[in-house]
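What you see is a predicted model; the values in this text were computed from it and never measured. Start at 1 with the first residue, then count along the sequence.
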Amino acid sequence: MANSGPKARARAKTVWPLIHTERAALANDLGGLSEERWETPSLCTGLTVREVLAHLTAGASLTPVRWLAGVIRCRFDFDEQVAMRLAEHLGANGAETLERFRRAVTSTTKPPLPAIAMLGETIVHGEDIRRPLGLRRDHPIAVLTSLAGYYQGSDLVVMAKGRIGGLRLEATDGPFAVGSGPLVSGTTLALIMAMTGRAPYLAELHGDGVPVLRRRVPS
């Protein structure tokens with residue numbers, strides 16, 4: 001379970017507005033998308049952009065109690081739980097799926113995860129959706145730097161800390177830098193997406209450590 005002490009609660013109060021901003025930006029980017037484009041494959045293997053958006057809605061609607069009930073119902077098969085919750089929030093078409101997401105933009109409901117992990121879900125899955133659609137968002141560098149700092153020290157939701165072990169990561173557009181070993185450099189967003197296992201972003205990275213990271217990121 002996520003730490004719920006005073007420091008964690010204070011940090012969450014600063015993170016939630018960032019989450020809401022990122023959700024609203026994603027909803028705005030997807031407004032007016034044709035039904036055909038809603039079926040575009042996302043960077044999440046096997047999921048369309050519409051299904052990834054439904055997954056984000058599910059995460060914004062799932063209390064710790066409902067999360068635990070789902071885990072038990074799915075016999076601790078976490079992938080099955082994700083698929084079940086996604087289906088609950090998938091609209092009949094893209095417009096309906098987007099409307100359901102819009103209603104969750106300002107939600108502070110979450111599974112038993114720290115708020116920074118929810119920010120990561122929003123940004124990373126937002127890029128899983130945007131990149132295949134040819135959409136771009138210039139995320140505030142301070143937000144990306146904070147998120148990169150979280151991922152470099154965590155394997156909680158996705159294996160990120162383990163994936164970059166023995167490497168030196170340096171951002172070319174901000175202050176993020178961590179680790180020692182062969183260098184991997186690139187934008188903060190590209191580093192985050194590579195840390196979280198998104199192979200298309202490896203082409204945007206440079207340095208002697210990139211081949212090592214490439215072997216650790218599923219193609």
Open item on the list: Within the 4.5 Å heavy-atom criterion, are Pro111 and Met118 side-chain neighbours or not?
Closed with: yes
- [ ] Check whether any side-chain heavy atom of Val49 sits under 4.5 Å from a side-chain heavy atom of Pro41, and report yes or no.
- [x] no
Open item on the list: Testing the basics here: between Tyr150 and Ala117, what is the closest heavy-atom pair and its distance to 0.1 Å?
Closed with: OH-CB, 3.5 Å
Open item on the list: Between Thr109 (side chain only) and Leu62 (backbone N and O only), is there a donor and an acceptor less than 3.5 Å apart?
Closed with: no
TODO: Give the intermediate values and the outcome of side chain to side chain contact (heavy atoms under 4.5 Å, CB included) for residues His55 and Glu121.
DONE: CA-CA 10 Å; His55 170 67; Glu121 286 272 292; 3.4 Å; yes
- [ ] Using a cut-off of 6.0 Å, state whether more than 12 heavy atoms not belonging to Glu35 lie near its atom CD.
- [x] yes
- [ ] Check whether any side-chain heavy atom of Arg168 sits under 4.5 Å from a side-chain heavy atom of Pro182, and report yes or no.
- [x] no
Task: Main-chain N/O of Val184 paired to His206 side chain as donor or acceptor, under 3.5 Å - done: no
TODO: Working to the nearest 0.5 Å, report the span between CD of Glu127 and CD1 of Ile123.
DONE: 8.0 Å
TODO: List the steps, then state whether side chain to side chain contact (heavy atoms under 4.5 Å, CB included) holds for Leu191 with Phe176.
DONE: CA-CA 10 Å; Leu191 292 173; Phe176 177 71; 4.1 Å; yes
Task: Side chains of Ser42 and Thr48 in contact at under 4.5 Å (non-hydrogen atoms) - done: no
Open item on the list: Under a 3.5 Å distance rule, please check whether Arg214 uses its side chain to pair with a backbone N or O of Gly209 as donor and acceptor.
Closed with: no
Open item on the list: If hydrophobic clusters are built from ILVMFWY residues whose side chains come within less than 4.5 Å, do Val52 and Trp38 share one?
Closed with: yes
Open item on the list: To the nearest 0.5 Å, what is the distance between CG on Leu205 and CD on Glu170?
Closed with: 12.5 Å
Task: Cluster link Ile164 to Met159, ILVMFWY, side chain under 4.5 Å - done: no
- [ ] With Arg163 as the cation and Tyr151 as the aromatic partner, state whether NZ or CZ is under 6.0 Å from the six-membered ring centre and within 45° of the axis.
- [x] no
- [ ] First locate atom NE2 of His139, then atom OG1 of Thr21, and finally report the distance between them rounded to the nearest 0.5 Å.
- [x] 12.0 Å
Open item on the list: Hydrophobic clustering (ILVMFWY, side-chain heavy atoms < 4.5 Å, transitive) - are Leu169 and Leu147 grouped together?
Closed with: yes
Open item on the list: Could you walk me through whether Val212 and Arg215 satisfy the side chain to side chain contact (heavy atoms under 4.5 Å, CB included) test, starting with their C-alpha distance in whole Å, then the side-chain angles of each, then the deciding distance to 0.1 Å, before giving a yes or no?
Closed with: CA-CA 5 Å; Val212 178; Arg215 291 194 293 270; 3.6 Å; yes
Task: Non-hydrogen atoms of Ala104 and Ala60 that approach each other most closely - done: CB-CB, 3.9 Å
Task: Common cluster, Leu56/Ile116, ILVMFWY with side-chain heavy-atom separation under 4.5 Å - done: no
Open item on the list: Just so I know, are the side chains of Arg85 and Thr57 near enough to count as touching, which here means a heavy-atom distance under 4.5 Å?
Closed with: no
Open item on the list: Looking at every heavy atom in both Arg198 and Cys44, which two are closest together, and how far apart are they?
Closed with: NH2-SG, 3.9 Å
- [ ] Could you pull out the closest heavy-atom pair between Leu156 and Pro114, with the gap in Å?
- [x] CD2-CD, 3.6 Å
Task: Joint hydrophobic cluster, Tyr201 plus Met195, side-chain heavy atoms closer than 4.5 Å - done: yes
Task: Straight-line distance of Asp173 CG to Thr145 OG1, nearest 0.5 Å - done: 7.5 Å
Task: Main-chain N/O of Val143 paired with Ser146 side-chain donor or acceptor, under 3.5 Å - done: no
- [ ] Enter the distance from Leu119:CG to Thr122:OG1 here, rounded to the nearest 0.5 Å.
- [x] 6.0 Å
- [ ] Go through the steps for Glu39 and Arg50 under the test salt bridge (Lys or Arg N to Asp or Glu O under 4.0 Å), then give the verdict.
- [x] CA-CA 6 Å; Glu39 300 309 313; Arg50 181 165 69 101; 3.0 Å; yes
Open item on the list: Nearest 0.5 angstrom please: Leu98 CG to Leu53 CG, how far?
Closed with: 6.0 Å
Task: Donor-acceptor under 3.5 Å (Lys110 side chain, Leu113 main chain) - done: yes
TODO: Give the minimum heavy-atom separation between Arg23 and Phe101, together with the two atoms involved.
DONE: O-CE2, 3.4 Å
- [ ] Using a 4.5 Å cut-off on heavy atoms from C-beta on, say whether the side chain of Asp29 contacts that of Leu133.
- [x] no
TODO: Please confirm whether the backbone N or O of Leu135 pairs with a side-chain atom of Arg130, one donor and one acceptor, at under 3.5 Å?
DONE: no
Task: Short side-chain to backbone donor-acceptor contact, Arg216 and Gly165, under 3.5 Å - done: yes
- [ ] Determine the minimum heavy-atom distance between Val217 and Ala194, stating which atoms define it.
- [x] CG2-O, 3.6 Å
- [ ] Using atom types as modelled and distance alone, determine if a side-chain donor or acceptor of Thr97 lies under 3.5 Å from a backbone N or O of Gly91.
- [x] yes
Task: Verdict with reasoning, Glu22 to Leu18, per side chain to side chain contact (heavy atoms under 4.5 Å, CB included) - done: CA-CA 6 Å; Glu22 290 297 332; Leu18 306 179; 5.6 Å; no
- [ ] Could you tell me whether a side-chain N or O of Gln152 sits under 3.5 Å from a main-chain N or O of Val178, the two making a donor and an acceptor?
- [x] no
Task: Exceeds 12 heavy-atom contacts within 6.0 angstrom, atom CG of Asp155 - done: yes
TODO: For residues His89 and Ser61, determine if any side-chain heavy atom of one lies less than 4.5 Å from a side-chain heavy atom of the other.
DONE: yes
- [ ] State, yes or no, whether a side-chain contact exists between Thr196 and Val157 at a heavy-atom distance under 4.5 Å.
- [x] no
